[in-house]
Number of protein chains: 2
Amino acid sequence: MVRNGSAAGPETSRQQRRFLARKSAILDAALSLFSQSGLRGVSAEQIAEAADVSKTNLFYYFSSKEEIYVGVLKRLLSDWLAPLDALDPQADPIQAIGDYVRLKMEMSRADPHSSRLFCLEIVQGAPMIGDELRTSLKTLVDRKAAVIRRWSEDGKIAPVDPHHLIYAIWAMTQHYADFSAQIAAVSGRTLDDELFFREATENVLRVILGALSTDAGAKSPQGAA
Amino acid sequence: MVRNGSAAGPETSRQQRRFLARKSAILDAALSLFSQSGLRGVSAEQIAEAADVSKTNLFYYFSSKEEIYVGVLKRLLSDWLAPLDALDPQADPIQAIGDYVRLKMEMSRADPHSSRLFCLEIVQGAPMIGDELRTSLKTLVDRKAAVIRRWSEDGKIAPVDPHHLIYAIWAMTQHYADFSAQIAAVSGRTLDDELFFREATENVLRVILGALSTDAGAKSPQGAA
DNA sequence: GTCTATATCTCGATAGAC
DNA sequence: GTCTATCGAGATATAGAC
């Protein structure tokens, strides 16, 4: 949850805090731009304008456009991992996974820009954050997969592959943020529409929790390729 | 299924066919580049090199880089819509939807570049193909949603929202292509691994078909947000 | 810390010879 | 249809004054 550039310990001076706050504001402005047009599609001048600083001044705070881009991504990543990290092994499985799905849907609604920038980065092969994925993310996912596997073994949920279950949750919840342009074109609505948000959430919950119920999950799919 | 630039009627001359074949080859080369780096992240020179023509020559076949990009997308889109279009109202619902899921998974494996380029375009707000989404795609999806709704009303499958069901299928199947960098980082495997492909397909089938079975689908999810 | 001015470079696209 | 040469726009990043 620690945000790069805004985690100010008590020893930081007023100047340092001001400096860091300024950097953070620039990252905020850069996020929505990068999420819409990607690293190459955004100019330093556009970022400067959106952050209300001069272009020259922008390069006083960051030494390159790429550094801004990476800064945005790194900051995003810690927030990104938090919800899964919160998955509690002691909780009731259905409740815990349901809570996770609901939280992911809330995040897709509240911060679609972050979801889209993350998506852009991954689709392009994760050139900037591949290392973090192979270390932090992998460790976290493997740990939580073990929790889910235990739940399966204890008969609390149907036997499912934990990794594929997590991918399914990520895919469906993030889809509403990442593909909102397509959904808007087809359904004419987005998550900003409260009713649509509820329908979407209920559907994801039905699909995911349905796969976890101990009776339905037992039967295997017909004719798997 | 008609591919722009390669649909040569019998009346086209040898020269014309050669011309169109050349254009098609350029589009092929451009696809994998654009899918990895986006419109702005790829230079005309890179495309020329990949297509084994000179940069000057590239602009003999296409008047601008953007025209190439749109050409790739338009060609992709028709292939993209075909599987859903093939959903047969007369077929057994579980079989038909299962077949659709399996086909989408096959496509994610066989042509991940197309999936990723489509994803990039949509995430960025579909600036180039928004019109097609609001017309062709919307018409198609609405028509097939009606088919699925009819199946629900006839009691052949559980009552589900057809649009959200379609989004769920798209999300999960395309996720394996679009987020393969992340999946590779976490699971260490991709759809190229035959076993992993089968696990993934079975999991998606279990989740989707599970939500359609007439007994499990009846109960509503607990505590939807 | 913030500004004006500018060096430097890449890239899209074209001109014109062949 | 294909090449060499090049124009001009726009972008990153820096220099140096204040």
Side-chain angles (χ1 to χ4, degrees), chain A residues 5-6 8 12-73 120 124 127-128, chain B residues 5-6 8 12-73 117 120-121 124 127-128:
Chain A
S6 68
T12 53
S13 73
R14 215 160 43 248
Q15 281 182 28
Q16 281 172 320
R17 276 204 305 276
R18 196 181 133 76
F19 182 78
L20 294 175
R22 213 71 156 129
K23 290 189 72 162
S24 185
I26 290 170
L27 294 181
D28 290 340
L31 168 59
S32 75
L33 289 171
F34 282 138
S35 72
Q36 200 182 7
S37 306
L39 170 59
R40 309 289 180 127
V42 176
S43 70
E45 190 144 35
Q46 286 176 284
I47 299 173
E49 192 177 359
D52 206 39
V53 298
S54 71
K55 188 176 59 159
T56 314
N57 214 349
L58 188 76
F59 286 109
Y60 169 75
Y61 289 99
F62 293 92
S63 65
S64 73
K65 186 176 77 167
E66 197 171 276
E67 187 182 300
I68 300 176
Y69 182 79
V70 173
V72 173
L73 272 179
L120 278 182
Q124 299 183 7
M128 301 295 181
Chain B
S6 69
T12 53
S13 73
R14 215 160 42 249
Q15 283 182 26
Q16 281 171 320
R17 275 204 305 277
R18 196 180 134 78
F19 183 77
L20 294 175
R22 210 78 154 122
K23 290 189 73 163
S24 186
I26 291 171
L27 294 181
D28 290 340
L31 168 60
S32 75
L33 289 170
F34 282 138
S35 73
Q36 199 180 8
S37 306
L39 171 59
R40 309 290 180 123
V42 177
S43 70
E45 191 145 33
Q46 285 175 284
I47 299 172
E49 191 178 358
D52 206 39
V53 298
S54 69
K55 186 174 67 153
T56 315
N57 214 349
L58 188 75
F59 286 108
Y60 170 76
Y61 289 100
F62 294 91
S63 65
S64 73
K65 188 176 77 168
E66 197 171 277
E67 186 181 300
I68 300 176
Y69 182 79
V70 174
V72 174
L73 272 179
L117 179 59
L120 277 183
E121 169 69 7
Q124 298 184 9
M128 302 295 181

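Within every chain, numbering begins at 1; the chains are lettered A, B, ... in the order of the sequence lines, protein sequences first and strands thereafter. The shown structure was predicted, so the numbers you read here are calculated from the model rather than taken from an experiment.
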Enquirer: Please find the earliest and latest nucleotides of DNA chain D, in the 5' to 3' direction, that have an atom within less than 4.0 Å of any heavy atom of chain A.
Expert: dA11(D) to dA15(D)
Enquirer: So, S35(A) side chain and S32(A) main chain: donor-acceptor pair closer than 3.5 Å or not?
Expert: yes
Enquirer: Quick one: does E121(B)'s side chain have a donor or acceptor within less than 3.5 Å of a partner on M128(B)'s backbone?
Expert: yes
Enquirer: What pairs with Y60(A) under ring pair (Phe, Tyr, Trp, His ring centres under 6.0 Å), at least two apart in sequence or on another chain?
Expert: none
Enquirer: Which part of the nucleic acid, if any, lies within reach of R40(B) when heavy atoms closer than 4.0 Å are counted: base, sugar-phosphate only, or nothing?
Expert: nothing
Enquirer: Of all of residues 42-63 of chain B, which get a heavy atom below 4.0 angstrom from DNA chain D, listed by number?
Expert: S54(B), T56(B), N57(B), Y60(B), Y61(B)
Enquirer: Do Y69(B) and V42(B) have side-chain heavy atoms sitting under 4.5 Å apart?
Expert: no
Enquirer: I'd like to know if the side chain of Q46(A) reaches the main chain of S43(A), judged simply by a donor and an acceptor atom lying under 3.5 Å from each other, with no hydrogens or angles considered.
Expert: yes
Enquirer: Would you say Q16(A)'s side chain and S13(A)'s backbone share a donor-acceptor pair under 3.5 angstrom?
Expert: yes
Enquirer: Just by modelled atom types, is the L39(B) backbone N or O under 3.5 Å from a matching donor or acceptor in the K65(B) side chain?
Expert: yes
Enquirer: Quick one: are R22(A) and V53(A) in side-chain contact, heavy atoms under 4.5 Å?
Expert: yes
